[in-house]
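Working notes for the structure below.
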Amino acid sequence: MFSPTYLLSSSSLYVLLVLLSCFCGGFSSAPTKIGKGYRLISAEETPDGGFLGHLQVKQKNNIYGPDIPLLQLYVKHETGDRLRVHITDAEKQRWVVPYNLLPREQPPALKQTIGRSRKNPLTVSELAGSELIFSFIADPFSFAVKRKSNGQTLFNSSSGGSDSFGEMVFKDQYLEISTQLPKDASLYGLGENTQPHGIKLYPNDPYTLYTTDVSAINLNTDLYGSHPVYMDLRNVGGQPFAHAVLLLNSNGMDVFYRGNSLTYKIIGGVFDFYFFSGPTPLSVVDQYTSFIGRPAPMPYWSLGFHQCRWGYHNLSVVEDVVENYRKAQIPLDVIWNDDDHMDGHKDFTLNPVNYPRPKLLAFLDKIHSRGMKYIVIIDPGIGVNSSYGVYQRGIANDVFIKYDGEPYLAQVWPGAVNFPDFLNPKTVAWWGDEIRRFHELVPVDGLWIDMNEASNFCSGKCTIPKGKQCPSGTGPGWICCLDCKNITKTRWDDPPYKINASGLQVPIGFKTIATSAVHYNGVLEYDAHSLYGFSQAIATHKALQGLEGKRPFILSRSTYVGSGKYAAHWTGDNKGTWEDLKYSITTVLNFGMFGVPMVGADICGFYPAPTEELCNRWIEVGAFYPFSRDHANYYSPRQELYQWKTVTKSAQNALGMRYKLLPFLYTLNYLAHTSGAPIARPLFFSFPAYKECYGLSTQFLLGSSLMVSPVLEKGKTSVKALFPPGSWYSLFDMTQTIVSKGQYFTLDAPLHVVNVHLYQNTILPMQQGGMISKEARMTPFTLIVTFPAGASEAQAKGNLYLDNDELPEMKLGNGYSTHVDLYATLKQGSVKIWSEVQEGKFALDKGWKIEKITVLGLSGSVDTSGLEINGSPVANGASNIELTSVEQMHLQDVEDGVGKKKSLIVSLSGLNLYVGKKFDMSMKMGVQG
């Protein structure tokens, strides 16, 4: 939802910008060294095979507060590919991300007595695992992590005497640690922010992590989520090696990347590092999500197209939108309401005039009978209103965050609100009960949790004004109308180190919950702030799963490490500009690496107003986002896809292809859930040795082999696209072939065309599409098999996962799922295609069949007398099977002016192969022409 208060270019913040223009220690300035660091004074092996040591400060200073004199160091190879390095206060418990929110091993308890000098001379200075080696220097203490296979240093906290950074610092409210980096390392991650330079981290750009309701149009600014993890990809002599580094810490932090070093400056918590050895980008994300939680399984319908708008003033408008999509023949699965359905913007209510319950239920019966779904928004702020049952029950159950012993008062859309404390088990139970009550009122199919950074229209300690209405009911609803006073009396509200909050170094309690407010068990908002949306997603997931035992769908704006286990994400309040279209690709790709693969941007832009041409191009990109939704602001002109004839045509083309690809996308959802593999991926995931694609941010892959190369600039009717080495086939026109040596090609891209190419050695399952996923899902299958163009020997593979998508778990072995591995070979003039099926009964019961197989890249001609299916020859003309072949065109022949290469598309139609039953077929090729 729109929060114009947080557009940092607004005049209300101009003075603040001027005051802070002297930002000390800015992101491009030289590093300031603080103190002399620590020295290791004792070390021992732990019973679990770890390493436990103690560090003593060398020289105390009071910059940003006093040093913590004694630290505990714990190191353990938790798995063969994951190393943990944990450093905390040796004498006092410190804040950590709660273990019930993110389950993991706990380090050893703090010892009561610790020798103040080294017990024995250390006999070893390293701890080796199967993939990684931890080593250290005792005085001043530093540590390094190396790759065992080649000795490459992945992380090294020693400056080596250079001026690039200082020694480790550990104070109550200021922690600093750095690592050396090779200049040719490509880094990705550290979000959430809008990165104008593309997917690769850019030296001296600011990377601040602190969940904030700041519009995504603000560049290089801490946005809605906090993901303190980066992937590091290096190419050593043509060999790619990837690893990842997670600093599991929820406190606000600045991360300074200077090209040859990276420095963390954190305002609390502990150093809790996890190193993931890779060595491929895909294995890095596998290892990372194995630790933080596998991405949530999504219902099949969620991969369809979604339409939303803030400003559907009444139910008849929503009904018209659904009907207009049907008339325009544009696929639509899910219709959404922003807060228009609510009574006075209050959660879990219905507006009795504009959304009367009997009419809404009749509408839902109608769309549910078609297979469509309905989702509404929930904001965390609960309106302070003595006649509002949700609030009454919240007060009775004592579920709200406190300040000075009373529920902390803030303002959001309903006016004065209190914020539920999702760290409190009683709150989780109360929240679940409110969702149950609302679902009985309105049978929604999913929930959209927004404003959960948490967003507040006011700052500080507030009271409800006497004698005036707040909000007034006229004018914007986001102007603070409570009586508020700034809170600066505690070190939690005014910490000694100022992170670059909101890109302007604003106070960390600005337009959010006061950081000295208190959660359950005395936890400070200062520490738990960036966990708010994550904890709400967990509570919401638990509530939805408990309703009917169905697979939940949750869309969350604020995210943290592990959020992908519970929720999807959208990139927030973007703008209808060509720049925002381009930025969306980077953010979507980042979230795949963060373990939140179900992600997309508001198609056509949230703020006013996209041009017709831009909306054409945006749906051509957005149709291939994992999460595909058109959403617009209250103050924007209407921008549903049917509003323009040209956009209607582009939507029919692009979404028409998406709906044919639904079984492929759903299989990618399954692979994400079982291995963490992103649905949308940067090209370097499949081509990690190809350095030219390391920074590529204008194209992306779905899965390992389907490449989208969209137009991202105004007035263009062609696109220059990078093709890694190999054969690529146009998905919209399979006669169009590109055989690349690793080069750019200029592709035709008139207004209604998006270029999508399928890579060699792939088997892609598709269906025939439709206007809704429920219908599209029951159409016959086609398999697209791609070999390298003109190859004499080759192989291809693919897979297909099918299940009852209402079941909460996405797995084999429950009797309601089927997995098919697909294989093909080309050898000695013979093409063989076959399947291996696990748990075939579900697919057989559904009656799914393969009706057509198309093979791309063949040379020669087809011997129709040599066709066999399941070991039996197929007599020519004696069955319904039709075999056709078409010659393919090679784009590089036209560009290079060389002699025309030849390859064929061979299609077999009229097949009757059950998906749930393994098959094999073969056909012979004639002599190459």
Apply salt bridge (Lys or Arg N to Asp or Glu O under 4.0 Å) to D602 and R629, showing your working.
-> CA-CA 6 Å; D602 286 346; R629 184 183 73 158; 3.2 Å; yes
Can you confirm if the aromatic rings of [Y] and [X] lie within a centre distance of less than 6.0 Å?
{"X": "H306", "Y": "F627", "answer": "yes"}
{"X": "Y642", "Y": "Y325", "answer": "yes"}
{"X": "W570", "Y": "F591", "answer": "no"}
{"X": "W301", "Y": "F553", "answer": "yes"}

Should S907 and T854 be marked as a side chain to side chain donor-acceptor pair (under 3.5 Å) after you check the CA-CA gap, both sets of side-chain angles, and the distance that decides it?
-> CA-CA 4 Å; S907 294; T854 297; 3.1 Å; yes
Give a yes-or-no answer on whether the side chains of [X] and [Y] include a donor-acceptor pair shorter than 3.5 Å.
{"X": "T646", "Y": "H752", "result": "no"}
{"X": "S709", "Y": "N755", "result": "no"}
{"X": "T735", "Y": "D733", "result": "yes"}
{"X": "N814", "Y": "S817", "result": "yes"}
{"X": "T786", "Y": "Q760", "result": "no"}
{"X": "Y690", "Y": "N235", "result": "no"}
{"X": "H368", "Y": "D445", "result": "yes"}
{"X": "S584", "Y": "T587", "result": "no"}
{"X": "N912", "Y": "K849", "result": "yes"}

Judged by atom type as modelled, is there a donor-acceptor pair below 3.5 Å linking the side chain of [X] to the main-chain atoms of [Y]?
{"X": "S675", "Y": "A672", "answer": "no"}
{"X": "S283", "Y": "G278", "answer": "yes"}
{"X": "S885", "Y": "V906", "answer": "no"}
{"X": "S835", "Y": "L822", "answer": "no"}
{"X": "Q699", "Y": "L696", "answer": "no"}
{"X": "S302", "Y": "M298", "answer": "no"}

Nearest non-hydrogen partners of [X] and [Y], listed with the distance:
{"X": "E640", "Y": "D630", "result": "CA-OD2, 4.1 Å"}
{"X": "H890", "Y": "K902", "result": "NE2-C, 4.2 Å"}
{"X": "V285", "Y": "G676", "result": "CG1-O, 3.2 Å"}
{"X": "M593", "Y": "F684", "result": "SD-CZ, 4.2 Å"}
{"X": "H757", "Y": "I738", "result": "NE2-CD1, 4.1 Å"}
{"X": "I603", "Y": "S628", "result": "CD1-OG, 3.5 Å"}

Any side-chain heavy atom of [X] within less than 4.5 Å of one from [Y]?
{"X": "Q307", "Y": "L332", "result": "yes"}
{"X": "D748", "Y": "V753", "result": "no"}
{"X": "L783", "Y": "L764", "result": "no"}

Got a second to check how far [X]'s [atom1] is from [Y]'s [atom2], nearest 0.5 Å?
{"X": "S697", "Y": "L683", "atom1": "OG", "atom2": "CG", "result": "10.0 Å"}
{"X": "E713", "Y": "L581", "atom1": "CD", "atom2": "CG", "result": "10.5 Å"}
{"X": "L800", "Y": "M766", "atom1": "CG", "atom2": "CE", "result": "13.0 Å"}
{"X": "T782", "Y": "K852", "atom1": "OG1", "atom2": "NZ", "result": "6.0 Å"}
{"X": "L812", "Y": "T818", "atom1": "CG", "atom2": "OG1", "result": "8.0 Å"}
{"X": "L641", "Y": "C604", "atom1": "CG", "atom2": "SG", "result": "6.0 Å"}

With sequence neighbours left out, the residues meeting salt bridge (Lys or Arg N to Asp or Glu O under 4.0 Å) with E793 are none
Salt bridge (Lys or Arg N to Asp or Glu O under 4.0 Å) involving R617 - partner list, sequence neighbours excluded | E620
Stepwise side chain to side chain contact (heavy atoms under 4.5 Å, CB included) check, Y729 with I784 | CA-CA 10 Å; Y729 301 95; I784 311 296; over 6 Å; no
Q652 meets the side chain to side chain donor-acceptor pair (under 3.5 Å) criterion, sequence neighbours left out, with none
With Y801 as reference, evaluate Y670, F664, Y816, F842 under the ring-ring contact (aromatic ring centres under 6.0 Å, His included) test and give the passing residue.
-> Y670
Quick one: list whatever passes ring pair (Phe, Tyr, Trp, His ring centres under 6.0 Å) with Y694, sequence neighbours left out.
-> none
Sorted by chain and number, sequence neighbours left out, ring pair (Phe, Tyr, Trp, His ring centres under 6.0 Å) with Y666 holds for Y300
Using the ring of each side chain (for Trp, its six-membered ring), is Y759 parallel, tilted or perpendicular to F687, with breaks at 30° and 60°?
-> perpendicular
Should the ring pair F781 and W848 be called parallel, tilted or perpendicular, given that the plane angle runs from 0 to 90° and is split at 30 and 60?
-> perpendicular
Would R777 and D805 pass as an ion pair if we require N to O under 4.0 Å?
-> yes
Thinking salt bridges, do D286 and R294 make one under a 4.0 Å N-O criterion?
-> yes
I679 pairs by side-chain contact (heavy atoms from CB on, under 4.5 Å) with which of L668, V588, V599?
-> L668
ring-ring contact (aromatic ring centres under 6.0 Å, His included) between F723 and Y744: does it pass, once the steps are laid out?
-> CA-CA 6 Å; F723 283 80; Y744 280 90; 9.0 Å; no
May I have the step-by-step check of side chain to side chain contact (heavy atoms under 4.5 Å, CB included) for M923 and V855, ending in yes or no?
-> CA-CA 11 Å; M923 58 183 175; V855 185; 3.9 Å; yes
Does anything in residues 806-823 pair up under salt bridge (charged side-chain N to carboxylate O under 4.0 Å, His left out), and if so which pairs, sequence neighbours excluded?
-> K550-E806, E809-K811
Test side chain to side chain contact (heavy atoms under 4.5 Å, CB included) applied to L891 and Q736, step by step | CA-CA 7 Å; L891 179 61; Q736 301 295 315; 5.6 Å; no
Determine whether more than 12 heavy atoms belonging to other residues, nucleotides or ligands lie under 6.0 Å from atom CD of Q795.
-> no
Test N761 against K797 for side chain to side chain contact (heavy atoms under 4.5 Å, CB included), laying out the working first.
-> CA-CA 6 Å; N761 308 324; K797 60 184 179 179; over 6 Å; no
